[in-house]
Amino acid sequence: MLPTTNNRSSNRRLRVVFAGTPEFAAVSLKALINQQEALNIEIVAVYTQPDRKAGRGQKLSASAVKQVALAHDIAVEQPLTFKKSSSEGMAARQTLRSYQPDVMIVAAYGLILPIGVLTTPTYGCLNIHASLLPRWRGAAPIHRALLAGDSETGITIMQMDKGLDTGDMLYKVSAPIEANDTAASLHDKMAELGATAIVTVLKDLEHYQAQAVPQDDSQANYAEKLVKTEGEIDWTQSATEIERQIRGLTPWPGAYTFLAGQRVKILASLPVNPSQQTNQPAGTVISVGRKAILVACGKDADTKQADIKLDSKVESIEPSASTLAITELQFAGGKPMTAEQICHGNQLNDGDQFTTDSK
């Protein structure tokens, strides 16, 4: 039986290995470090991705997780692989075994953990996943939830297995997605929620592992990794879809369009107002105002065709197209500008046309 943090034989601390790379993971690592005494755990090593080149100078940069570990004098390991088909992978496995971990906590690590690694810790590996599994398994759960228009998301603490985010669920906590949430703001919320969740589970690991719930694979969705081209706006889509695209891809890769062959980044917009409709072609700048720049989009999928009676005959009228109110954008080579700043300039005018490519 797994000893709980409150009743462990000889009061021995649970030996924890933490594996993660970006800021999302660093938030959980900080929380665990700060509560080692209360949780009766000892973080014996931290695993993270190798240093990468970053910035204009392309200097090697340590991950957010590595920086936290070094600041607290915790051993750092940065293997390239755990594959047993390579000598480096076998060496990495042996190093992990040498730490004699009771449990491994994984958060956005970025390296595949084969079954030989997952079974090394006495009580396996726990993953801090930023979605309410089985929804949004995969690399970009926060972004995909926003792009899909989900009303809520959350954190799942999962017992890892050989599948992609397919393991049993130990603990779930939900949070609403607000109308003004971007990928950046939701990331920060999920990072804090993830830290709280893993602390909760480690307070009584025995209980949560005993109550683990299998995932319903029929309800699973795959959160594919983002690519830059997803940022290009197709103005024939509805304003609702484009508004989600802007928020879901902020800050990276960012939403963009083209004006007279020049790329324009769309940084922010207002929630869609269903009453603001237009018959202008998609991508047309309807008005450049101080509060917002109104742009014609496609029809909303749920907008129904209207029936009217004319001279005793019922005729169908196609619904008007939706509009998007942009509040901040950035022209190529320029700085971010608000609608009011643009209104006072001459870079954008009523009737201008945003297009989907540079040609």
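Each residue takes its place number in the sequence, starting with 1.
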The criterion is salt bridge (charged side-chain N to carboxylate O under 4.0 Å, His left out); which residues satisfy it with E230, sequence neighbours excluded?
R144
Sequence neighbours left out, what passes ring pair (Phe, Tyr, Trp, His ring centres under 6.0 Å) with Y99? Give chain and number order.
none
Are I157 and Y208 close enough that some pair of their side-chain heavy atoms sits under 4.5 Å apart?
no
Any residue meeting salt bridge (charged side-chain N to carboxylate O under 4.0 Å, His left out) with R135, in chain and number order, not counting sequence neighbours:
D150
What verdict does the side chain to side chain contact (heavy atoms under 4.5 Å, CB included) test give for Y47 and Y109, after you've listed the backbone C-alpha separation in whole Å, the side-chain angles of each residue and the deciding distance to 0.1 Å?
CA-CA 8 Å; Y47 279 70; Y109 181 24; 3.8 Å; yes
If you count the non-hydrogen atoms of other residues, nucleotides and ligands that lie under 6.0 Å from CG in N346, is the total more than 12?
no
Does a sphere of radius 6.0 Å around CD1 in I112 hold more than 12 heavy atoms from other residues, nucleotides or ligands, not counting ones at 6.0 Å or beyond?
no
Euclidean distance, Q277 CD relative to C297 SG, rounded to 0.5 Å:
11.5 Å
Ignoring hydrogens and geometry beyond distance, is a side-chain donor-acceptor pair present between E243 and T240 at under 3.5 Å?
no
I233 versus Y256: any side-chain heavy-atom pair under 4.5 Å?
no
Please determine if K66 and D51 form a salt bridge, counting it only when a charged side-chain N lies under 4.0 Å from a carboxylate O.
yes
Quick check: do F258 and V264 have side-chain heavy atoms less than 4.5 Å from each other?
no
Among I246, I242, L329, whose side-chain contact (heavy atoms from CB on, under 4.5 Å) with S269 holds?
I246
Exactly one of R97, R93, Q100 clears side-chain contact (heavy atoms from CB on, under 4.5 Å) with T120, and that residue is R97
So, D350 versus S287: side-chain donor-acceptor pair below 3.5 Å or not?
no
Judged by modelled atom types alone, do T278 and T323 share a side-chain donor-acceptor pair under 3.5 Å?
no
Tell me yes or no: between the side chains of Q36 and R13, is some donor less than 3.5 Å from an acceptor?
no
Can you check whether V227 reaches P253 side chain to side chain, under 4.5 Å on heavy atoms?
no
